Amino acid sequence: MSTEILIQYWYFTLIGVFILYQIISFLNTKYLMKKLNAKSFANLRRDGYFGFKAGIMGMKETKNGTLIEFNQKVFNESALPEVGTMKTFIFGIPIVLTKDPENIKAILSTQFNDFCLGRRLEYFGPLLGKGIFTLDGSGWKHSRQMLRPQFARDQVAHVKALEPHFQLLKKHINTKGAKPGGYFDLQELFFRFTVDSATEFLFGTSVESLKDESIGFNQDDVNFAGRKEFATAFNQSQIYLSYRAMLQKLYWIINPKKFQDCNSIVHTFSDYYINKVLNATPEEIEKQSGYVFLYELVKETRDPQVLKDQALNILLAGRDTTAGLLSFAIFELAQHPEMWERLRKEILGAFGNDVSEKITFESLKKCEYLKAVLNETLRMYPSVPRNTRIATKDTTIPRGGGPDGMSPVLVRKGQNVVYFINTTHLDPAYYGKDADQFRPERWFEESTRKLGWAYLPFNGGPRICLGQQFALTEASYAITRLVQSYSKVHIKPNSQSYPPRKMIHLTMCLLDPLLVSFEE
Ligand code: HEM
Ligand SMILES: *[C@@H]1O[C@H](CO)[C@@H](O)[C@H](O)[C@H]1NC(C)=O
Ligand SMILES: *[C@@H]1O[C@H](CO)[C@@H](O)[C@H](O)[C@H]1NC(C)=O
Ligand SMILES: *[C@@H]1O[C@H](CO)[C@@H](O)[C@H](O)[C@H]1NC(C)=O
Ligand SMILES: *[C@@H]1O[C@H](CO)[C@@H](O)[C@H](O)[C@H]1NC(C)=O
Ligand SMILES: CC(=O)N[C@H]1CO[C@H](CO)[C@@H](O)[C@@H]1O
C-alpha cells in the first residue's frame, strides 16, 4: 500500500469514527430523553459546529468588563426569550445555561445529589487545599458540620472588632480624600479592610494591610512570616485560580512560577498561625479575647492541614465578596445623593454621629433602609454573579424543554449547568419594568415579598453561604460608620460608566477604580 492511500485511509477512518460517535451519542440521547421523560431544548444556540465564536466572544467580553450584559443579551436573543434556559456549545462542549429560578432550585436543592462542583478541587487545590469550598460529597458534609457552629449568631455578632480597622480606613480617607476634588480609589481600600478584618477573625491577628507609609506606619516593623506580602499574594493567586477554572479540563496548563510563589507566601503566613495555635496551652486558648476561628476549630481537630485549608477556604469565600458588596453600594450611593441622605437620617437617628455602644448586630438589623440598600446592591451586583454545577448522573432539570419550554430537559452525566444569578436578578418577570434601576425602595413593596429562588445572592439549599450574617454585619457596620463620619460622598465625574464595567474572576467587583471623595 502506498503512503498516499494510507493517509486517505486514516482520513476516512477518522471521519467514519466521528460520524459513528455522533450517531451513537444521538441515539443514546434520544433513549435517555425517552427514559427520563425529557423534551428537546426550546432554546438551542449554536455558533458553527464547535461554538468557537461563543467561547472567544465570552473571553473578549470578560476582558471588556461587559460579560454580564453579554449574558443577558444571549438570553434575550434566544428563540423564546421568556424561557430562561438554553443549550449551547462552548469550544465544542455542550453546556446548559439557565436563569430560571425553578432550575436553579433543582440543581441547588431539590436535586442536590444529582449535581456536584466537579473539578473545583483540582482548579483551586494549590491555594486552598481540601476545605468546605472545594470539596464535594462526604468531605464537604464533614467540613460543613465542623464549621457551622463557628458561624452561630453570637460568634459573628461582636462588631467591636471592626472598629480598629474602620479607624485605619478613615485615616486613609482623611489623608487622601476628605476634601473637594481629592479623589482616591475606595474599592482598593475596601479590599484591604476586608482582608484585615477576615484575618483577625480567622487567625486572631490581622495582616493589617491598611497600615502603610501613607498614614504613617512602617510595615517593616511588623513584617514576619510574609505578613506584608500576604494580601497581594492571596489576591494574585485567586486570579490564577479563575483562569484555571475557565480552562476546565486543561486547567493544569496554568501553573506558572508566580502562582506557586504566591501560594507559598500564603501558606507560610498561615502556617505561622497554625503553629501558634497548636502550641498554645488550653489556658491560653480559653483566654483569647474575642472570638477567633482557629482557636475554636482547634477544639475539633488538631490536624494542621485541615486547620489551614479550612481557614483559607473561608478567607476566599468571605473576603472579596464583602469588598465587592461595599464597593458597589458606595458606587450607587455616590450617584444617588437622595439615597445617601435618607440613609444618613436613619443612621444618625438610630446611633448618633459617632461610634457607640448602640451599634450592635441586633440594632444594625433594625435599620430598614440600610438593609434595603444592601439587598438592592446584592440584587444588581451579586458578588457571585454566575456559578456552575455538574451532573453526577444522567438526569433532568424541570424547565426549558418542549415547544413552550415548560417541560424537563436532559442533562447528561458530566455536563455543566451554568446558572446566572445576575441575569435572574434583572429579569423584569420578577422585578418589574424598572428591574435595571437601582431602587432600594422596591424592598418595601409587595412585589419583593415572594421572590423565592429569584433572589439568591447567597446561594440556596444545603450549600447556602455560611457567612451571610457575618458579611451583612460587616458591610452594615462599615457603611454605618462612613455615613456617620461624612455628610456627603462624590464620585469623580466620568470615572465610571453606567452600568459600570465589572471585573469577574471568581467574584465580581468594579473593573475601573472607585474614585470618590468625602465631605466631613
Ligand atoms: C456579600 C458577601 C457574600 C456573598 C454574596 C456570598 C455568597 C456566597 C455564595 C453564592 C456561595 C455559594 C458558592 C458555591 O456553592 O459555589 C457562598 C458559599 C460560602 N460562603 Fe459566602 N458570601 C459572602 C460572604 C461570606 C463570608 C463573609 C463568609 C465567611 C466569613 C462566607 C463563607 C462562605 C462559605 C464557608 C461558603 C461555602 C458553603 C458550602 O459550600 O457549604 N461567605 N457564599
Ligand atoms: C465593550 O464595552 C463597551 C461598554 O463599556 C460596549 O459598548 C462594547 O460593546 C463592548 N465591546 C465588546 C466587544 O464587548
Ligand atoms: C431585550 O430585547 C427587547 C426586544 O427584543 C428589548 O426591548 C430589550 O431592551 C432587551 N433587553 C436587554 C436587557 O437587552
Ligand atoms: C486585590 O485585587 C483587587 C481587584 O482584583 C484590587 O482592587 C485590590 O487593590 C487588590 N488588593 C491588594 C491588596 O492587592
Ligand atoms: C432583603 O432580602 C431578604 C431575603 O430575600 C428578605 O428576607 C428581607 O426582607 C429583605 N430586607 C429588606 C429590608 O428588604
Ligand atoms: C452591576 C451589574 O453587573 N449588573 C448588571 C447585570 O446584568 C445586567 C443586564 O445585562 C446589567 O444591566 C447590569 O448592569
Side-chain angles (χ1 to χ4, degrees), residues 104 107-109 112 115-118 120 124 128 131-137 139-148 150-151 155-156 190 194-195 197-202 245 291 293 310-329 346 365-379 381-390 418-419 421-422 425 430 439-476 478 506-509:
I104 296 172
I107 59 177
L108 295 181
S109 178
F112 182 73
F115 293 91
C116 69
L117 303 178
R120 195 185 277 175
F124 297 178
L128 299 181
I132 184 165
F133 192 71
T134 51
L135 290 175
D136 266 316
W140 163 75
K141 215 175 234 166
H142 178 73
S143 301
R144 181 109 187 164
Q145 263 160 12
M146 183 166 69
L147 299 184
R148 230 165 85 103
Q150 322 301 335
F151 287 91
Q155 325 287 30
V156 299
F190 278 149
T194 52
V195 78
S197 68
T199 46
E200 179 165 19
F201 169 77
L202 292 168
Y291 177 83
F293 176 83
Q310 297 292 9
L312 290 177
N313 271 252
I314 289 172
L315 185 59
L316 180 105
R319 184 269 180 125
D320 290 9
T321 42
T322 313
L325 167 59
L326 281 167
S327 303
F328 284 116
E346 177 177 79
K365 283 189 121 15
K366 292 205 186 92
C367 295
E368 291 298 326
Y369 194 67
L370 175 59
K371 275 197 323 200
V373 167
L374 292 177
N375 268 12
E376 185 70 348
T377 306
L378 286 169
R379 180 182 73 83
Y381 311 102
S383 309
V384 186
R386 51 125 162 69
N387 209 329
T388 306
R389 292 294 190 260
I390 294 170
V418 184
Y419 57 104
I421 288 297
N422 170 288
H425 282 184
Y430 307 104
R439 199 170 61 80
E441 286 73 15
R442 79 174 73 244
W443 292 95
F444 303 127
E445 294 162 8
E446 197 55 38
S447 58
T448 56
R449 295 282 141 72
K450 12 175 216 307
L451 287 167
W453 289 78
Y455 183 67
L456 213 63
F458 293 101
N459 227 32
R463 290 196 92 133
I464 192 168
C465 175
L466 265 185
Q468 177 170 348
Q469 292 310 324
F470 186 102
L472 291 174
T473 305
E474 177 165 349
S476 301
L506 302 175
T507 58
M508 181 163 85
C509 64

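This structure is a prediction, so every number in the text was calculated from the model and none was measured. Counting starts at 1 for both ligands and their atoms, in listed order. Atom set for the values below is all heavy atoms of this structure, side chains included, hydrogens, waters and symmetry mates excluded.
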Atom indices of ligand 1 within 4.0 angstrom of P457 heavy atoms, with elements: 5 (C), 7 (C), 10 (C)
Ligand-side contact atoms (ligand 5) for residue partner N375, heavy atom cut-off under 4.0 Å: 1 (C), 2 (O), 3 (C), 8 (C), 10 (C), 11 (N), 12 (C), 14 (O)
Contacting atoms of ligand 1, where contact means under 4.0 angstrom from a heavy atom of I132: 35 (C), 39 (C), 40 (O), 41 (O)
A471: numbered ligand 1 atoms lying under 4.0 Å from its heavy atoms: 2 (C), 24 (C), 27 (C)
Heavy-atom donor-acceptor pair, Y369 side chain to P440 backbone, under 3.5 Å: no
Charged tip of R120 within 45° of F133 ring normal and under 6.0 Å: yes
Heteroatom proximity flag, E368 to ligand 5, N/O under 3.5 Å: no
Ligand 1-proximal atoms of V384, by part, heavy-atom distance under 4.0 Å: side chain
Pair E368 + K371: basic N to acidic O under 4.0 Å: yes
Atom 11 (N) of ligand 5: any protein heavy atom closer than 4.0 Å: yes
Proximity of T321 to ligand 1 by residue part, where a heavy atom lies under 4.0 Å: both
Sub-4.0 Å heavy-atom contact, F201 with ligand 1: no
Closest protein heavy atom (residue, atom, distance) for atom 42 (N) of ligand 1: C465 SG, 3.1 Å
T321 side-chain N/O to A317 backbone N/O, donor-acceptor pair under 3.5 Å: yes
Side-chain donor/acceptor of H425 to backbone N/O of L456, under 3.5 Å: yes
Side chain D320, main chain M508, donor-acceptor under 3.5 Å: no
Atom indices of ligand 1 within 4.0 angstrom of S383 heavy atoms, with elements: 1 (C), 5 (C)
Ligand 1 atoms in contact with F151 (distance to a heavy atom under 4.0 Å): 29 (C), 30 (C)
Partner of D136 by salt bridge (Lys or Arg N to Asp or Glu O under 4.0 Å), out of R144, R463, K141: R463
Under 3.5 Å donor-acceptor, Q310 side chain and I132 backbone: yes
Residue-ligand contact R389/ligand 1, heavy atom below 4.0 Å: yes
Salt-bridge criterion met for E376 and R442 (N-O under 4.0 Å): yes
F458 side, atom CZ; I421 side, atom CD1 - distance, nearest 0.5 Å: 12.0 Å
Per-atom contacts of ligand 1 with N387, taking only distances under 4.0 Å to non-hydrogen atoms: 13 (C), 14 (C), 16 (O)
Proximal ligand 5 atoms for K371, defined as those under 4.0 Å from one of its heavy atoms: 13 (C)
Proximity to ligand 5 by part of W443, non-hydrogen separation under 4.0 Å: both
Residue selection (non-hydrogen contact nearest atom 3 (C) of ligand 1) among F328, F293, F458: F458
Backbone or side-chain N or O of Q468 under 3.5 Å from ligand 1 N or O: no
From the candidates T388, N459, D136, the one that places a heavy atom nearest atom 11 (C) of ligand 1: N459
Donor-acceptor pair, side chain of R389 and main chain of C116, under 3.5 angstrom: no
Location of contacts on R120 toward ligand 1, heavy atoms closer than 4.0 Å: side chain
Enumerated ligand 1 atoms positioned under 4.0 Å from heavy atoms of I314: 29 (C), 30 (C)
Sub-4.0 Å protein heavy atom near atom 7 (O) of ligand 5: no
Region of A317 that comes within reach of ligand 1 [heavy atoms, distance under 4.0 Å]: both
Distance (rounded to the nearest 0.5 Å) between R319 CZ and S383 OG: 13.0 Å
Y381 and F328 aromatic ring geometry - parallel, tilted or perpendicular at 30°/60° bounds: parallel
Value rounded to 0.5 Å, distance of CD1 in I314 from OG in S143: 9.0 Å
